[in-house]
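The chain is numbered in sequence order, starting from 1.
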Amino acid sequence: MKKRGLFVTLITLMCLIGGGILVFNFFNGSQEQLEQTEDSVYEYLTEEQNYQDEEIESIRSEYNWRNDKNDERGAYQAFVTFSDEQDYEYQYIYNDIDGVTQIGRDEGVGNHSED
């Protein structure tokens, strides 16, 4: 009887932990995809847009579970702050099909807006 109770307890714990991981990933996204988005945006800025490393203040990636696959923004986004405009963030998206696309700045057009 004790073995059965232990077995049920272990199965319950495994379900709770597994469910917790799934819920966490649903709301926070895949850490691997977040890193891929950040790396791809950095590569795009330095190799295709010819920015120097010192011109890029920071890049942070973010997952927004509310954006579905048909949303132009995509679920994985990167926000870039440039050294000469530290009060503004430029928003980029990355996906395997289209690559990196700038979709704007948090407040209008700036020095690094792409047309």
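- Evaluation of the side-chain hydrogen bond (donor to acceptor under 3.5 Å, both in side chains) rule for Tyr44 yields Gln49, Glu114 as partners, not counting sequence neighbours.
- Looking at residues two or more places apart in sequence or on another chain, you find a side-chain hydrogen bond (donor to acceptor under 3.5 Å, both in side chains) between Glu62 and Arg60.
- Put simply, OH on Tyr76 and CD on Glu32 are 9.5 Å apart, with the number rounded to the nearest 0.5 Å.
- Every residue two or more places apart in sequence or in another chain that forms a side-chain hydrogen bond (donor to acceptor under 3.5 Å, both in side chains) with Asp53 is listed here: Tyr42.
- When the shell of 6.0 Å around CD of Gln86 is examined, it contains more than 12 heavy atoms from other residues, nucleotides or ligands.
- Using a 4.5 Å cut-off between side-chain heavy atoms of Ile, Leu, Val, Met, Phe, Trp and Tyr, with links allowed through other members, Phe79 and Val100 fall into different hydrophobic clusters.
- With sequence neighbours excluded, the residues satisfying side chain to side chain contact (heavy atoms under 4.5 Å, CB included) with Glu85 are Tyr88, Tyr90, Arg105, Asn111, His112.
- In this structure the side chain of Ile56 reaches within 4.5 angstrom of the side chain of Thr46, judged on heavy atoms.
- Gln52 meets the side chain to side chain contact (heavy atoms under 4.5 Å, CB included) test with Glu54, Glu55; sequence neighbours excluded.
- Note that OG of Ser40 and CD of Glu35 are 11.5 Å apart. Values are rounded to the nearest 0.5 Å.
- For the 3.5 Å distance criterion, the side chains of Tyr92 and Gln102 qualify, holding a donor opposite an acceptor.
- Atom-to-atom distance recorded for Thr101:OG1 and Asp98:CG is 5.5 Å, nearest 0.5 angstrom.
- Under the salt bridge (Lys or Arg N to Asp or Glu O under 4.0 Å) criterion, Glu57 pairs with no residue at all, not counting sequence neighbours.
- When the side chain to side chain contact (heavy atoms under 4.5 Å, CB included) test is applied to Ser58, the partners found at least two apart in sequence or on another chain are Thr81.
- Expressed to the nearest 0.5 Å, how far CG of Asp39 lies from CD1 of Ile59 amounts to 8.5 Å.
- Using a 4.5 Å heavy-atom threshold, the side chains of Leu45 and Val80 count as touching.
- Residues that satisfy the side chain to side chain contact (heavy atoms under 4.5 Å, CB included) test with Glu43, not counting sequence neighbours, are Glu47.
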